[in-house]
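These notes concern the structure reproduced below.
Atom set for the values below is all heavy atoms of this structure, side chains included, hydrogens, waters and symmetry mates excluded. Reminder, nothing fancy here: chain letters follow the sequence lines and each chain counts from 1.
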Amino acid sequence: MPELPEVETIRWILINGSEATPSILGQVVAGASLFWPKTLATTNLQDLRENLAGRPVQGLTRRGKFLLIDFKERHLVIHLRMSGDLRMAENLGAPRESDPILLHDRFYLHFRSGFGLAFNDTRKFGRVWFVADPRDLLMKLGPDPFDTELTEDLFYTMLQNKNRQIKSLLLDQTFLAGIGNIYSDEALFGSKIHPTRSSRSLTHSEAALLLEKIKASLQLGIDHNGASIDWVYRGGDFQNYFQVYQRKGQPCQVCGTPIVRTTVSQRGTHYCPNCQPKKKKDT
DNA sequence: CCTGAAACCTGTCTGC
DNA sequence: TGCAGACAGGTTTCAG
C-alpha cells in the first residue's frame, strides 16, 4: 500500500494526533502485544517488552518507506509493505493476549496514557524490527529523492552507471528510496519516458526532467495526504489525480490516446504509448 | 550485472 | 450461483 507520501502522511498524523488521539511523542511504553509472530522480525516479544517498558517516545522519523520510532538507545523500525497501516487507538494501555480490537491487527505498543499504537496489516507482509542501531537496516537504501545532495548531474551519472529498465530502477530502493508503483508510473508519464527504456539511454536533460517529475509527483501525493485505493482508506485523495496509474483504456489527459497497461518487473505498469514512445518520434 | 519467476499473505473483482 | 484466475501501494531470493 504505502509509498513515501503515504508513509509521510501516517508519520504526520501520529506526530500531530487527532481530535480523539494524542501525539505519539512523549508516550511512555507500558507493554506490547503480538498476534502474528512473523510481524516482529527481530528478537522476541518478551525481550521487547522488558527493554522498552518505561521508555518515552523521543521521535518519529522516516527514511524511504521505513518509519523509525526513537527511544534513545533503542529503536522500533517499521515497514508497512503492501497493506500495513499504523494508528493510535484508545483502550490500549495494557496487553491483550486473546484477540485484537480490529481484524488484521498484528501488533500493539501499549502506553501508560491508556492509548496504544496499533499495527494493522491484512496481508502480513509488514515487519517491525527492534534494534539498538537502525543503521544496519537502512544502510543499503539509496538517497531520498528530496535530498539536496541529489543533483541533476549526480542523478544522470547514477542512471548512466546502470543498464536497467528505468521503471525497474526507480522501484529499486537501493537506487532511490521511497518510490513505489504509483509514483514511478506517474513520474515517468510526467517526463515522457517509456518505462522499459534503458537507464543508460536517457539524456542529461531527460534525467533532469525525470528527477523533477519524481519530486513533483511525490510532493503532490504528500499534499493530498497520499492515495487511498481499494478497501484501504486513510483519508488521502491523491487517487483522484492519477494521470496513468489504474487508468488503463482511459484517454491520456494530454493527447487523448488510451492509456496502456503492461507488466514491467512483475508490476502492473501504465503509460501513454503516444506521449511515452519507446523510440524517438520524428518531428 | 541484469531479467524474470517465485515466495510471502489475504481479499476483491472479473469472466465463464 | 460458483469457482478459477488475475490482481493488489513491497521486498527478498534464486535461477539463468
Over how many whole Å does the gap from [X] atom [atom1] to [N] atom [atom2] extend?
X      : N      : atom1 : atom2 : value
A:I229 : B:dC13 : CD1   : C1'   : 15 Å
A:L170 : C:dT11 : CG    : P     : 13 Å
A:L171 : B:dG4  : CG    : C1'   : 14 Å
A:D105 : B:dT10 : CG    : P     : 15 Å
A:L103 : B:dC9  : CG    : P     : 16 Å
A:K248 : C:dA6  : NZ    : C1'   : 11 Å
A:R123 : B:dT10 : CZ    : C1'   : 7 Å

Pick the P atom in C:dC3 and in B:dC9, then give their distance to the nearest Å.
-> 25 Å
Which value, in whole Å, describes the distance between the P atoms of nucleotides B:dG11 and C:dT11?
->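 Taking atom P in both B:dG11 and C:dT11, they lie 22 Å apart.
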Tell me which of A:Q266 and A:N161 sits closer to the 5' end of DNA chain B, going by the nucleotide each one is nearest to.
-> A:N161
In plain terms, say whether [X] and [Y] are close enough for a salt bridge, that is, a side-chain N and a carboxylate O under 4.0 Å apart.
X      : Y      : value
A:D172 : A:R164 : yes
A:D144 : A:R62  : yes
A:R87  : A:D105 : yes

Most 5' of A:T263 and A:R267 on DNA chain C, judged by nearest nucleotide = A:T263
Between A:D133 and A:H75: side-chain donor-acceptor atoms closer than 3.5 Å =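 The answer is no; no qualifying pair exists.
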So what does A:R261 touch, heavy atoms closer than 4.0 Å: a base, only the sugar-phosphate, or nothing?
-> sugar-phosphate
